[in-house]
Amino acid sequence: MTRPSGPDFLEVEMQNTRRAGTDILVSLLEDEEIQQLGLEEEAYQAEQAKLSFIHHPIPDRSVPYDFHDSLELVKLLSAELVNGKNIVLH
């Protein structure tokens with residue numbers, strides 16, 4: 001999934017993402033990128049659309065800040081996939 005288009009379409013995009021069968025939305029954007037793109041309400045709009053939202057920032061063209069946290073996220077997402085959940089990352 002590409003990042004959401006911005007604040008004007010965020011509510012509709014989250015609803016459409018949920019309607020497409022997504023259960024969990026994971027944002028890998030850093031806080032600065034979220035602000036630049038006007039996506040401060042993404043978590044709220046995702047939750048309003050009945051999506052579980054996880055924010056796990058990773059620097060562009062780099063590796064995660066914390067290996068242990070990233071490994072825990074991978075384990076969590078793997079378990080959710082095994083349980084039949086559909087996951088989207090951006």
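Quick caveat: nothing in here was measured; it's all calculated off a predicted structure.
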Quick check on the hydrophobic clustering: are Leu73 and Leu89 connected, directly or via other members, by side-chain heavy-atom contacts under 4.5 Å?
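Yes; Leu89 is reachable from Leu73 via cluster members.
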
Are Leu71 and Leu77 connected in a single hydrophobic cluster, I mean Ile/Leu/Val/Met/Phe/Trp/Tyr linked by side-chain heavy atoms less than 4.5 Å apart?
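Looking at the clustering, Leu71 is in a separate group from Leu77.
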
Flag, side chain of Asp23 to backbone of Asn86, donor-acceptor distance under 3.5 Å:
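Confirmed, Asp23 side chain pairs with Asn86 backbone.
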
Please determine whether the number of non-hydrogen atoms from other residues, nucleotides or ligands lying under 6.0 Å from atom CD of Glu32 exceeds 12.
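No, not enclosed.
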
Does atom CZ of Phe9 have more than 12 heavy-atom neighbours, drawn from other residues, nucleotides or ligands, at distances under 6.0 Å?
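Not buried by this count: 12 neighbours or fewer within 6.0 Å.
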
[X] side, atom [atom1]; [Y] side, atom [atom2] - distance, nearest 0.5 Å:
X     : Y     : atom1 : atom2 : value
Glu72 : Phe67 : CD    : CZ    : 10.0 Å
Leu39 : Ser27 : CG    : OG    : 7.5 Å
Leu10 : Gln15 : CG    : CD    : 10.0 Å

Is the shortest heavy-atom distance from the side chain of [X] to the side chain of [Y] under 4.5 Å?
X     : Y     : value
Glu11 : Glu41 : no
Glu80 : Leu76 : yes
Leu25 : His90 : yes

Identify each donor-acceptor pair in which a side-chain atom of residues 45-61 lies under 3.5 Å from a protein atom, sequence neighbours left out, and give them as a table.
residue	atom	partner	partner atom	Å
His55	NE2	Leu29	O	2.7
His56	NE2	Ser70	OG	2.9

